[in-house]
K.L.:
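Here you go, one structure.
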Amino acid sequence: GVSANTAAFSAGQEGAGGMPTVSENIAFELPVDSENKAKTIKLNSVAKPHMRAFHLSWFSFFISFVSTFAAAPMIPILRDDVDLTIVDLGNAGVAAVSGTILARIIMGYVCDAFGPRYGHGVLMLGTAPAVFAMSVVGDAAGFIVCRLVIGFSLATFVATQYWTSVMFNPKIVGLANATTAGWGNLGGGVTQFMMPVIYGGMLTHGSPFLAWRLAFFVPGCCHILVGVLCLLFAQDLPDGQFQDLEKKGELQTTPAVTLFAMGMSNYRMWCMTISYAFCFGIELTMNNIVTAYYFDQFELPLATAGVIGSLYGMMNLFARSLGGVASDWAAFKFGMRGRLWSLWILQTSEGFICVVMGRVYNSLGLTIFFMVVFSLFVQMSEGASFGIVPFLSKRTLGVCSGFIGAGGNVGGAIMMAAFFKSDKYETYDGISLMGVCIIACTLVVVTIHFPQWGSMFLPANEHVTEQDYYLAEYTEEEKVAGVAKAAMKFAEESKGERGQARLALMDKETPATDVQL
């Protein structure tokens with residue numbers, strides 16, 4: 001079960017009397033709150049809507065990672081076939097992670113206006129042709145363009161985080177977001193060894209220069225599969241599909257210009273955008289360089305370098321979830337201030353370990369060890385980041401998620417361009433310099449302040465409530481018309497972000513409280 005902000009994977013929990021939870025005439029397999037958001041995570045279920053959205057969202061993001069970085073572990077082969085220079089490879093790496101910057105921002109609005117189901121489905125189907133086109137590229141320009149377009153699919157991250165945020169209760173949203181994103185990011189590790197294995201299998205059908213091309217048909221087909229599954233078999237919200245709820249008058253959409261203006265006026269979003277650039281952006285950078293680094297620095301066989309390189313991404317199997325758990329636990333104990341402290345500690349530690357990894361370049365064993373530990377803190381920082389994001393705004397959650405997700409790609413593009421695009425720096429020096437940037441830029445977390453909950457060093461304003469914060473995004477007319485009803489429910493559910501001690505004090509002062517711990 002789940003106790004307050006400390007979340008646990010549920011092996012299965014039902015409502016009273018052993019029956020599925022029923023809320024407003026809608027039957028759910030999982031127990032739900034006043035917003036019909038699930039209170040537990042049941043991994044062995046694909047029941048609609050909560051767990052089906054959970055599994056489809058991470059799988060879609062997983063496939064986007066596989067295809068975006070499918071070329072990276074095969075660079076030692078394809079660079080000779082397509083005659084790519086180090087500058088071409090650097091430009092392609094930047095294109096792969098920068099192409100999705102605008103796509104992620106747009107995806108935020110798509111989720112707010114049309115729902116996450118269309119975000120996943122349309123994007124995966126729309127980028128599938130570029131994956132197949134990799135099999136016929138003949139020059140550097142074609143290679144860069146294909147990697148650019150395939151990189152658009154990484155915008156599924158925004159839809160993934162939006163989907164789990166609207167499907168799961170605030171007390172476990174950190175874990176839900178971290179797990180779906182982490183398992184999606186896992187694709188960046190899996191592709192490091194999967195593509196060389198597929199390439200090896202294709203060698204039975206032709207030469208090395210043909211085999212790497214045939215290998216791209218596997219991720220291309222996966223794009224089509226997951227796109228169809230999301231469109232035909234999933235549900236946008238606990239209460240139904242976006243379009244159906246709009247027709248019934250139960251869901252009101254806001255004009256794009258208004259949403260973007262609201263989201264962009266929230267300075268906390270910009271702080272998180274900068275911070276996220278130095279955890280997720282670092283992961284994207286490592287996915288681009290790690291296999292080639294082991295191949296060149298330690299003169300390992302390609303398959304061996306790919307397996308070792310995959311360890312970096314494979315940490316997503318559990319590490320990002322640990323970050324979500326750490327964030328939820330810190331919130332249970334210390335409220336939002338605990339979430340902010342956990343993010344700063346994890347990401348600053350990530351930076352120091354990154355510096356050390358670059359300094360042990362003469363030892364294969366130490367490099368592998370510090371790479372694994374470095375990856376652990378990178379993924380945990382990502383999980384802790386999206387333990388905070390759902391609370392930035394209720395009304396513009398998609399826009400905020402889009403900009404913050406895009407920030408990760410901006411960070412990846414900047415790091416690639418600054419340290420790994422040319423031969424100005426040795427790769428190990430670039431890795432250490434990247435660590436210094438992480439430490440410095442993570443200080444932005446200190447400036448994030450919620451009036452109702454406080455910040456790392458400043459307490460909350462006792463005169464500001466959750467309702468004050470979230471309803472400020474609505475006009476008086478909208479409040480009277482009931483447009484802010486969902487925000488009011490969310491504000492009530494998010495009172496747990498006050499922390500255990502503050503809630504206990506409030507219980508003594510106001511015995512008739514409706515806050516449940």
Side-chain angles (χ1 to χ4, degrees), residues 3-7 33-35 165 169-175 177 262-263 265-276 323-348 384-397 400 404 442-474 479 484 486-517:
S3 174
N5 289 70
T6 304
D33 62 16
S34 63
E35 296 182 275
S165 292
N169 179 269
K171 294 177 181 179
I172 60 169
V173 73
L175 178 60
N177 279 346
M262 285 182 177
S265 66
N266 189 335
Y267 90 93
R268 301 167 194 83
M269 181 202 75
W270 293 109
C271 293
M272 288 301 300
T273 298
I274 295 171
S275 173
Y276 199 63
V325 170
S327 182
D328 288 342
W329 179 85
F332 171 58
K333 290 290 186 180
F334 309 107
M336 177 56 68
R337 301 178 73 183
R339 290 191 190 272
L340 294 169
W341 270 104
S342 65
L343 172 59
W344 181 81
I345 291 171
L346 290 170
Q347 195 157 301
T348 300
S385 295
F386 272 81
I388 297 169
V389 172
F391 300 97
L392 297 179
S393 170
K394 170 62 177 175
R395 191 171 196 179
T396 63
L397 173 61
C400 290
I404 294 167
T442 300
L443 289 171
V444 73
V445 177
V446 176
T447 68
I448 300 175
H449 182 84
F450 292 86
Q452 73 277 31
W453 298 319
S455 56
M456 286 176 61
F457 294 104
L458 297 176
N461 183 336
E462 297 295 336
H463 302 293
V464 179
T465 67
E466 289 77 9
Q467 285 81 0
D468 294 332
Y469 179 80
Y470 290 111
L471 295 185
E473 297 178 316
Y474 298 86
K479 295 175 186 176
M488 292 178 66
K489 289 183 179 180
F490 182 77
E492 190 65 29
E493 294 290 345
S494 66
K495 287 183 178 179
E497 297 305 306
R498 298 176 181 181
Q500 190 178 38
R502 188 176 170 204
L503 284 172
L505 179 62
M506 291 178 62
D507 282 344
K508 292 179 181 179
E509 296 175 351
T510 311
T513 181
D514 57 357
V515 177
Q516 297 180 353
L517 288 179

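Numbers here are sequence positions counted from 1.
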K.L.:
If you measure from CZ on R337 to NE2 on H449, what distance do you get to the nearest 0.5 Å?
P.N.:
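With rounding to 0.5 Å, CZ (R337) is 9.0 Å from NE2 (H449).
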K.L.:
Which distance, rounded to the nearest 0.5 Å, do you find between the CH2 of W270 and the SG of C400?
P.N.:
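SG of C400 is found 10.0 Å from CH2 of W270.
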K.L.:
Atom OG1 in T273, atom CZ in R268: separation rounded to 0.5 Å?
P.N.:
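Nearest 0.5 Å value for the OG1-CZ distance: 13.0 Å.
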K.L.:
Can you tell me how far NZ of K171 sits from OG of S494, rounded to the nearest 0.5 angstrom?
P.N.:
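Interatomic distance, S494 OG to K171 NZ, rounded to 0.5 Å: 11.0 Å.
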K.L.:
Kindly indicate, with the supporting measurements, whether the criterion side-chain contact (heavy atoms from CB on, under 4.5 Å) is fulfilled by E492 and Q467.
P.N.:
CA-CA 7 Å; E492 190 65 29; Q467 285 81 0; 3.2 Å; yes
K.L.:
Nearest heavy-atom pair of A486 and E35: which atoms, and what distance?
P.N.:
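The pair with the smallest heavy-atom distance is O-OE2, 3.6 Å.
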K.L.:
Looking only at atom types and distance, does a side-chain atom of S327 sit under 3.5 Å from a main-chain N or O of G323, one as donor and one as acceptor?
P.N.:
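It does not hold such a pair.
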K.L.:
Partners of Y470 by side chain to side chain donor-acceptor pair (under 3.5 Å), sequence neighbours excluded?
P.N.:
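If we apply the side chain to side chain donor-acceptor pair (under 3.5 Å) test to Y470, skipping adjacent residues, there are no hits.
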K.L.:
Is there side-chain contact between P451 and H463, with at least one heavy-atom pair below 4.5 Å?
P.N.:
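The answer is no, as the side chains (C-beta and beyond) never meet within the 4.5 Å cut-off.
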K.L.:
For the CE atom on M488, are there more than 12 heavy atoms of other groups (residues, nucleotides or ligands in this structure) within a distance under 6.0 Å?
P.N.:
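No, not enclosed.
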K.L.:
Roughly how far, to the nearest 0.5 Å, is CZ of R498 from OG1 of T465?
P.N.:
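Going from the OG1 atom of T465 to the CZ atom of R498 covers 7.0 Å.
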K.L.:
With sequence neighbours left out, what residues match R395 under side chain to side chain donor-acceptor pair (under 3.5 Å)?
P.N.:
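Partners of R395 by the side chain to side chain donor-acceptor pair (under 3.5 Å) criterion, ordered by chain and then number, come out as T254, E478.
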K.L.:
Quick check: closest heavy atoms across S342 and A384, and the distance to 0.1 Å?
P.N.:
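Looks like OG-CB, 4.4 Å.
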K.L.:
Quick one: closest heavy-atom pair of V173 and P390, and the distance?
P.N.:
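Closest approach of V173 to P390, heavy atoms only: CG2-CG, 3.9 Å.
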K.L.:
Drop me the distance from F490's CZ to F391's CZ, to the nearest 0.5 angstrom.
P.N.:
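With rounding to 0.5 Å, CZ (F490) is 5.0 Å from CZ (F391).
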K.L.:
Which atom names give the shortest non-hydrogen contact between A491 and E466, and what distance separates them?
P.N.:
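Scanning both residues, the minimum pair turns out to be O-CB, 3.5 Å.
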K.L.:
Using modelled atom types and a 3.5 Å cut-off, is there a donor and acceptor pairing between side-chain atoms of D328 and backbone atoms of L175?
P.N.:
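Present.
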K.L.:
Sub-3.5 Å donor-acceptor pair from the side chain of T348 to the main-chain atoms of W344, do we have one?
P.N.:
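Between the backbone of W344 and the side chain of T348 there is a qualifying donor-acceptor contact (under 3.5 Å).
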K.L.:
Which class fits the ring pair W453 and Y469: parallel under 30°, tilted 30 to 60°, perpendicular over 60°?
P.N.:
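If you compare the ring of W453 with that of Y469, the planes turn out tilted.
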K.L.:
Can you name the nearest heavy-atom pair linking A487 to K394, along with the distance?
P.N.:
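Nearest pair, atom of A487 first, then K394: CA-CG, 3.8 Å.
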K.L.:
Does a donor on one side chain and an acceptor on the other come within less than 3.5 Å for E473 and S393?
P.N.:
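S393 and E473 do have a side-chain donor-acceptor pair below 3.5 Å.
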K.L.:
Do Q452 and D468 pair up side chain to side chain, a donor and an acceptor below 3.5 Å, judged on atom types alone?
P.N.:
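Short answer, no.
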K.L.:
Could you check N266 against T396 for side-chain contact (heavy atoms from CB on, under 4.5 Å), going step by step and ending with a plain yes or no?
P.N.:
CA-CA 10 Å; N266 189 335; T396 63; 5.7 Å; no
K.L.:
Are I404 and L392 close enough, and set up right, to give a side-chain contact (heavy atoms from CB on, under 4.5 Å), and what steps lead you there?
P.N.:
CA-CA 11 Å; I404 294 167; L392 297 179; 3.6 Å; yes
K.L.:
Which heavy atom in G454 sits nearest to a heavy atom in L340, and how many Å separate them?
P.N.:
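It is O-CD1, 4.3 Å.
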K.L.:
Does D33 reach the main-chain N or O of N169 with its side chain, forming a donor-acceptor pair under 3.5 Å?
P.N.:
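No.
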K.L.:
Start with the C-alpha gap between V445 and Q347, add the side-chain angles, then the distance that decides, and say whether side-chain contact (heavy atoms from CB on, under 4.5 Å) holds.
P.N.:
CA-CA 10 Å; V445 177; Q347 195 157 301; 5.7 Å; no
